[in-house]
There are 2 protein chains.
Amino acid sequence: MTFISGQVLAVDGARCEHCSLHSRCLAMGLEGEQLAGFDALLKRPRPLKRGEALVHQGDRFSNLYAVRTGSLKQVQVHGDARDQVTHFYLPGELVGLDGIGSGECAGNVVALESTYVCELPFLQLEALMQDSHTLQHRLFRSMGEELRDHQRMMCLLSGRTADQRMASFLLGLSERFRLRGYSPACFYLSMSRGDIGSYLGLAIETVSRVLGRFQMRKLISIKGREVSLEAMESLQLMAAEGVGRHSGS
Amino acid sequence: MTFISGQVLAVDGARCEHCSLHSRCLAMGLEGEQLAGFDALLKRPRPLKRGEALVHQGDRFSNLYAVRTGSLKQVQVHGDARDQVTHFYLPGELVGLDGIGSGECAGNVVALESTYVCELPFLQLEALMQDSHTLQHRLFRSMGEELRDHQRMMCLLSGRTADQRMASFLLGLSERFRLRGYSPACFYLSMSRGDIGSYLGLAIETVSRVLGRFQMRKLISIKGREVSLEAMESLQLMAAEGVGRHSGS
DNA sequence: CGAGCCATTGAGACCGGTCAAGTTGGGTGG
DNA sequence: CCACCCAACTTGACCGGTCTCAATGGCTCG
């Protein structure tokens, strides 16, 4: 009994209100029966092994997922071998919003390491939102934020140099870790160089070279997938820096 | 009286249910008092002259806008002169969704020609959604579709050649016109070459060269801003075509 | 008619992709 | 414990697409 509960309950039995990510979750701000309703509709954390898929591209969309621990990538497949990473998900983030439009999952979502996610049936979520203005508002906010992030990404991909893309990427991760209470200067990259390259629109060799360059200039130090940002200001400067390409008018 | 009503009423006085875009609008599927509520909350079409701004980056977000006629571009400004076009809006499309997340407008939205938009106060929209599951669902769908579009765009910008980007862009416009009942083969580009270049992450000279190349190959014919797609299959082939750059594994 | 914007066209440079070897490191089996 | 393998990563040389700079033509508007 205690044997079973040991590792399972720690993650599995916790109610939303006790979740360490509560403040970053959709459920934030819910109270009383609405929180209870939310608690009731979500399926308890589901474990994924590294490399295991949460959903596949083209699957019927029916759930959102909140990342509890670990991380995932979303991969868009285009006929040929032209896979493309479109998203990385960290704890507290919501997976699947892009399926709401078409009713099917927009890409394969794959765990980058051992990962737990909470499953939120969307139909029930919609129903619950009818009673909870707060929940409705929060979900709209989440989608709006994701739209904004995508726009930033589009700006990044369009007309910025490899160095600028990488600097933005590292700073973006740093910020996301900071918000979650981890060190913003020192973290582990759960994704491969290939994933990073695909995400940033760079060849894997370029990723490697840029990271090497950064290290030489003492902007970062990196060993394998353990990275630490040594000169964040310089990175910020580089990321924001004037013109990357086509200066515009 | 009739003098005034002539051009104003034609656009201004129409109820939602009589709007020619009704089937592509948020209001689609609403009936009875919910349609009336929607009708009541929206401010009647507002005219914009070419080059006039609908909202400015950083403005407090408070409305969505539905394009009635004309077209607009959204421009992201980054400190320096590095403007970047992130979106083109056609009739029936919803402007401003990306402001929901942060509470402020994500970019300047500027009319590309004489344009009418309907203004939808978001607070009232949220309230109305509490009573109308249909409306709530439709707005979520709209946001989901935009997320999806953004992902497609990210894939386009990352690792596709100039030719492929341009082909996708033209086909995308074509499809959007088709859905609105216009000719998918023959249309007017309300945006400048510079806007297209900024949107596609290409230098303006490249845009010009690619279009020239397409014309030489008899894929399109273009004179100024009037374009007609002569060989859509070839364009589709080109857009989807195997590997643009970094082939991936 | 000149000013100014938009678009086209050419020549040259450079960033980043591609190809091709290495190198490292973790896991497996003898 | 070592040999081996495979995947991930690094490094170098070369090449090509696209940016940049510059000059020119066409259109619109004052």
Side-chain angles (χ1 to χ4, degrees), chain A residues 49-51 73 81-82 84-85 112-113 156-167 188-216 220-227 238 241-249, chain B residues 49-51 73 81-85 110 112-113 156-167 188-216 220-227 238 241-249:
Chain A
K49 290 196 293 277
R50 173 195 166 97
K73 66 175 171 182
R82 281 191 26 73
Q84 173 134 359
V85 174
L112 291 169
E113 55 194 317
L156 195 70
L157 290 175
S158 148
R160 315 241 66 191
T161 66
D163 286 13
Q164 293 174 324
R165 295 183 200 195
M166 185 60 71
Y188 178 79
L189 299 172
S190 55
M191 67 292 286
S192 73
R193 303 288 195 270
D195 291 335
I196 298 175
S198 173
Y199 182 63
L200 294 178
L202 299 171
I204 181 173
E205 296 93 331
T206 305
V207 171
S208 195
R209 270 185 266 263
V210 170
L211 287 175
R213 217 177 296 158
F214 280 10
Q215 194 164 23
M216 233 169 21
I220 67 172
S221 88
I222 186 168
K223 178 78 189 299
R225 297 190 171 184
E226 203 67 54
V227 63
M238 178 184 306
E241 184 167 293
V243 179
R245 285 135 107 185
H246 40 75
S247 33
S249 51
Chain B
K49 291 197 292 279
R50 173 195 166 97
K73 67 175 170 182
R82 280 192 26 74
D83 292 11
Q84 173 134 1
V85 174
V110 178
L112 292 169
E113 56 193 317
L156 194 69
L157 290 174
S158 147
R160 316 240 65 191
T161 67
D163 286 13
Q164 293 174 324
R165 294 183 201 194
M166 186 60 70
Y188 178 79
L189 299 173
S190 56
M191 65 294 285
S192 73
R193 303 287 195 272
D195 291 335
I196 298 176
S198 173
Y199 182 64
L200 294 179
L202 299 172
I204 181 173
E205 296 94 330
T206 306
V207 171
S208 194
R209 272 185 264 263
V210 170
L211 287 175
R213 217 177 296 159
F214 280 11
Q215 195 164 21
M216 235 170 18
I220 67 171
S221 88
I222 186 168
K223 177 80 188 299
R225 297 190 172 184
E226 203 67 54
V227 63
M238 180 185 303
E241 184 167 291
V243 179
R245 284 136 106 184
H246 40 75
S247 33
S249 53

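The structure displayed is predicted, hence computed values, not measured ones. Letters A, B, ... mirror the listed sequences (proteins, then strands); counts begin at 1.
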Check your understanding: Using a cut-off of 4.0 Å between protein heavy atoms and nucleotide atoms, how would you tag nucleotides 22-30 of chain D 5' to 3' with B, S and -?
Key -> B--------
Review point. Below 4.0 angstrom from OP1 or OP2 of D:dT18, is there any side-chain N or O of B:Thr206?
Key: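 B:Thr206 to D:dT18 OP1/OP2: no side-chain N or O under 4.0 Å.
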Output the rounded distance in Å from [atom1] ([X]) to [atom2] ([N]).
| X | N | atom1 | atom2 | result |
| --- | --- | --- | --- | --- |
| A:Leu189 | D:dA8 | CG | P | 15 Å |
| A:Ile204 | D:dA7 | CD1 | P | 13 Å |
| B:Glu241 | D:dG17 | CD | C1' | 15 Å |
| A:Leu202 | D:dC9 | CG | P | 15 Å |
| B:Gln215 | C:dT9 | CD | C1' | 14 Å |
| A:Ile222 | C:dT24 | CD1 | C1' | 15 Å |
| A:Met166 | C:dG16 | CE | P | 11 Å |
| A:Glu226 | C:dG25 | CD | P | 15 Å |

[atom1]/[X] to [atom2]/[Y] distance, rounded to the nearest 0.5 angstrom?
| X | Y | atom1 | atom2 | answer |
| --- | --- | --- | --- | --- |
| B:Arg165 | B:Leu200 | CZ | CG | 7.5 Å |
| A:Met191 | A:Arg225 | CE | CZ | 9.0 Å |
| A:Arg160 | A:Met238 | CZ | CE | 11.0 Å |

Check your understanding: Should A:Glu226 and A:Ser221 count as side-chain neighbours, where that means a heavy-atom distance under 4.5 Å?
Key ->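 Side chain of A:Glu226 against side chain of A:Ser221, heavy atoms only: no contact under 4.5 Å found.
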Mind checking if [X] touches a base, just sugar-phosphate, or nothing, with heavy atoms under 4.0 Å?
| X | result |
| --- | --- |
| A:Ser192 | sugar-phosphate |
| A:Gly224 | nothing |
| A:Arg225 | sugar-phosphate |

Check your understanding: Of B:Thr161, B:Asp163, B:Ile196, which meets side chain to side chain contact (heavy atoms under 4.5 Å, CB included) against B:Val210?
Key ->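 Of all the options given, the one that passes is B:Asp163.
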Practice item. Determine the minimum heavy-atom distance between A:Ile222 and A:Leu211, stating which atoms define it. Key: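 For A:Ile222 and A:Leu211, the tightest heavy-atom pair comes out as CD1-CD1, 3.9 Å.
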Review point. Taking all atoms of both residues into account, what is the closest heavy-atom pair of B:Leu157 and A:Ser158, and its distance?
Key: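 That closest heavy-atom pairing would be CD1-CB, 3.9 Å.
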Point to revise | Options D:dC19, D:dT10, C:dT18, nucleotide nearest the side-chain atoms of B:Ala203 | key: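 The nucleotide sitting nearest to the side chain is D:dC19.
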Check your understanding: Ignoring hydrogens and angles, are the base of D:dG17 and the side chain of B:Arg209 linked by a donor-acceptor pair under 3.5 Å?
Key ->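 Not at all, since no donor on one side and acceptor on the other fall under 3.5 Å apart.
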